[in-house]
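Written below as structure tokens is the structure these notes are about.
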Amino acid sequence: MDKRILKLREELNDIDEKILKLLEERMDIVREVGHIKSELDIPIEDKAREKEIIDRLSEHAGKRLTENQLIRIFRAVFKSSKLEQKKLD
């Protein structure tokens with residue numbers, strides 16, 4: 001394998017580990033929110049909040065990530081978050 005590809009793959013591995021750590025941190029907070037929603041009898045799904053997040057991130061997204069890519073990624077994050085909160089019910 002070409003050394004340049006190997007080096008870039010190492011960089012990608014490092015980034016993937018950082019993303020994983022951030023997703024784990026996010027999920028910890030999602031669980032806390034889920035507990036509070038359960039206590040207060042608030043629905044898990046909040047489409048307005050999801051739209052707010054997508055809108056905010058779309059404003060900050062650079063040209064390297066399209067809005068459609070951002071939406072697909074965060075829809076997956078939202079789905080996982082809601083599934084995790086449903087476990088707490």
Cluster link I42 to I36, ILVMFWY, side chain under 4.5 Å: yes

In one Ile/Leu/Val/Met/Phe/Trp/Tyr side-chain cluster, 4.5 Å: L23, L12: no

Sub-4.5 Å side-chain heavy-atom contact between E52 and R49: yes

Close side-chain approach of R56 to I53, heavy-atom, < 4.5 Å: yes

Separation between CZ of R9 and CG of D16, rounded to the nearest 0.5 Å: 12.0 Å

Gap between atom NE2 of H60 and atom CG of L65 - 0.5 Å precision: 13.5 Å

Smallest separation among heavy atoms of G34 and Q85, with atom names: N-NE2, 3.5 Å

Using the salt bridge (charged side-chain N to carboxylate O under 4.0 Å, His left out) criterion, which residues pair with [X]? Sequence neighbours excluded.
| X | result |
| --- | --- |
| K18 | none |
| K63 | none |
| E45 | K47, K82 |

Using a 3.5 Å cut-off and no angle test, enumerate the donor-acceptor pairs between side-chain atoms of residues 67-79 and protein atoms at least two apart in sequence or in another chain.
{"from": "Q69", "atom 1": "OE1", "to": "T66", "atom 2": "N", "distance (Å)": "2.7"}
{"from": "Q69", "atom 1": "OE1", "to": "T66", "atom 2": "OG1", "distance (Å)": "3.3"}

Sequence-distant partners of E25, side-chain contact (heavy atoms from CB on, under 4.5 Å), two or more places apart: K21, L22

Results of side-chain contact (heavy atoms from CB on, under 4.5 Å) for L20 - residues two or more places apart only: E24

Heavy-atom donor-acceptor pair, K37 side chain to I44 backbone, under 3.5 Å: yes

N/O donor-acceptor pair under 3.5 Å between E84 side chain and R31 backbone: no

Passing option when E11 is tested against D14, L8, N13 for side chain to side chain contact (heavy atoms under 4.5 Å, CB included): L8

